[in-house]
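Okay, structure first, notes after.
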Amino acid sequence: EMIGIKLKDMAILFLKRLWLILLAAIIVGGACFAWLTYTYEEEYTSKATIFLYYNEGGQSVNVAASYLEISLYVLNDCEQILTSRLVINKVIDEITSDLTLSSKWRREVGELGYNGMKNSITISNVADSRVMEIAMRSSDPKLSKLIVDKICSYGAEEIENYLGFKQVSIIDEGTLNRHPSNSVNIVIPIAAAILAGLLVFAIALIIKMTDNKINRAEDVEKYLDLIVLGEIPATSSISRGKKYY
């Protein structure tokens, strides 16, 4: 049978079990952080930018509103081409077959495959412009730059072929960022620690609410409807190395 509990009793229970709540939070949060640190792998991001323009009769048109609308309209098409199997598989085949590159790079690219590499690529459009930013993540900054440069190069060729006119200009080649773009997510260990502490308190609260034993003088009056005349205090004595109450 569940017994009602007052807010004051909950606060007292929380303070009594605070050491256990903190201990559980530290153990679970620490274990979660240690696991994330152990499984953490550095990632390096390289970014390149391309510009979409219209070229007609050998003259580039950059300001006409109609041509701007055309370029903006094909942004999604360009993104699909840049992440197509045709482009990405060309990059994979070239890197994995290039014996001048390190075996680690060739193995990593081969293990990524099309789906892995596509998921590692992020393409965004600078607002109200015809500039697209292509970013690539990998375990090595130089490898990221190599991949993103090849994607831009092969992607530009395929965009020209499929859209029927020259429309891509590479503004910036891939950056060489030697600082990891990711870090251990500290939010997860903190959340795990909080949940562990709440779970311990919830268990203590349930035990308290289901405890129907007589523990205090107030319990006698509450459950037995009797008046307490007095209490016998607990005393202790030590005899022959043993403690008695």
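Since this is a predicted model, take the numbers as computed values, not measurements.
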Next item on the list: Test side chain to side chain contact (heavy atoms under 4.5 Å, CB included) on S139 and E43 and set out the steps.
Entry: CA-CA 5 Å; S139 63; E43 289 183 349; over 6 Å; no

Item checked: L82 and I50: CA distance, side-chain angles, deciding distance, side chain to side chain contact (heavy atoms under 4.5 Å, CB included) verdict -> CA-CA 11 Å; L82 288 168; I50 60 176; 4.0 Å; yes

Checklist line | Stepwise side chain to side chain contact (heavy atoms under 4.5 Å, CB included) check, I123 with T83 | finding: CA-CA 9 Å; I123 299 178; T83 57; 3.6 Å; yes

Notebook entry, point to check: After noting the C-alpha distance and the side-chain angles of V109 and L143, does the key distance pass the side chain to side chain contact (heavy atoms under 4.5 Å, CB included) rule?
Noted result: CA-CA 9 Å; V109 171; L143 178 59; 4.0 Å; yes

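Remark: E157 pairs with no residue by the salt bridge (charged side-chain N to carboxylate O under 4.0 Å, His left out) rule, at least two apart or across chains. Applying the side chain to side chain contact (heavy atoms under 4.5 Å, CB included) rule to E42 yields the partners Y40, Y44, P180; only residues at least two apart in sequence or on another chain are considered. By the salt bridge (charged side-chain N to carboxylate O under 4.0 Å, His left out) test, K47 pairs with no residue at all, sequence neighbours left out. A search for ring pair (Phe, Tyr, Trp, His ring centres under 6.0 Å) contacts involving Y154 returns nothing, not counting sequence neighbours. Contacts of S46 classified as side chain to side chain donor-acceptor pair (under 3.5 Å), with partners at least two apart in sequence or in another chain: none. For I81, the side chain to side chain contact (heavy atoms under 4.5 Å, CB included) test picks out V87, E158, I159, Y162, with sequence neighbours left out. With sequence neighbours excluded, the residues forming a side chain to side chain donor-acceptor pair (under 3.5 Å) with S181 are T45, listed by chain and number. Every side chain to side chain donor-acceptor pair (under 3.5 Å) that D149 has, sequence neighbours left out, goes to K145. Partners of T49 according to the side chain to side chain donor-acceptor pair (under 3.5 Å) rule, which considers only residues two or more places apart in sequence or in another chain, are D172.
The distance from the CD1 atom of I95 to the CH2 atom of W105 is 8.5 Å, given to the nearest 0.5 Å. To the nearest 0.5 Å, atoms OG (S138) and CG (L112) are separated by 8.0 Å. Atom CE of residue M136 and atom OG1 of residue T175 lie 12.5 Å apart, to the nearest 0.5 angstrom. Rounding to the nearest 0.5 angstrom, the gap separating the OG atom in S124 from the CE atom in M132 is 8.0 Å. Residue M117 holds its CE atom at 6.0 Å from CD1 of I151, rounded to the nearest 0.5 Å. Here the CG-CZ distance, from L7 to F14, works out to 12.5 Å after rounding to the nearest 0.5 Å.
Side-chain contact between I88 and I121 is present, with heavy atoms from C-beta onward closer than 4.5 Å. Counting only heavy atoms from C-beta outward, the side chains of R137 and T122 approach each other to under 4.5 Å.
Cluster annotation: L86 and I147 are assigned to the same hydrophobic cluster (Ile/Leu/Val/Met/Phe/Trp/Tyr, side-chain heavy-atom contacts under 4.5 Å, transitive). A chain of hydrophobic side-chain contacts below 4.5 Å, direct or via other Ile, Leu, Val, Met, Phe, Trp or Tyr residues, connects I186 to I188. Under the 4.5 Å side-chain heavy-atom criterion for Ile, Leu, Val, Met, Phe, Trp and Tyr, V148 and Y114 are members of the same hydrophobic cluster. Note on V200: it clusters hydrophobically with L15, by side-chain heavy-atom contacts below 4.5 Å among ILVMFWY residues. Taken together through direct or relayed side-chain contacts under 4.5 Å among Ile, Leu, Val, Met, Phe, Trp and Tyr, I190 and V184 form part of one hydrophobic cluster.
Shortest non-hydrogen contact noted between F51 and V131 is CD1-CG2, 3.8 Å. Between I170 and C152, the shortest heavy-atom contact is CD1-CB, 3.9 Å.
Every pair passing salt bridge (Lys or Arg N to Asp or Glu O under 4.0 Å) that includes a residue from residues 93-118 is listed here, sequence neighbours excluded: E94-K150.
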For residues 16-34, tabulate all N or O donor-acceptor pairs below 3.5 Å that involve a side-chain atom, not counting sequence neighbours.
unit_1	atom_1	unit_2	atom_2	d
W19	NE1	K16	O	3.4

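The hydrophobic cluster containing I203 also includes L199, I207, under a criterion of side-chain heavy atoms closer than 4.5 Å among ILVMFWY residues, counted directly or through chains of members.
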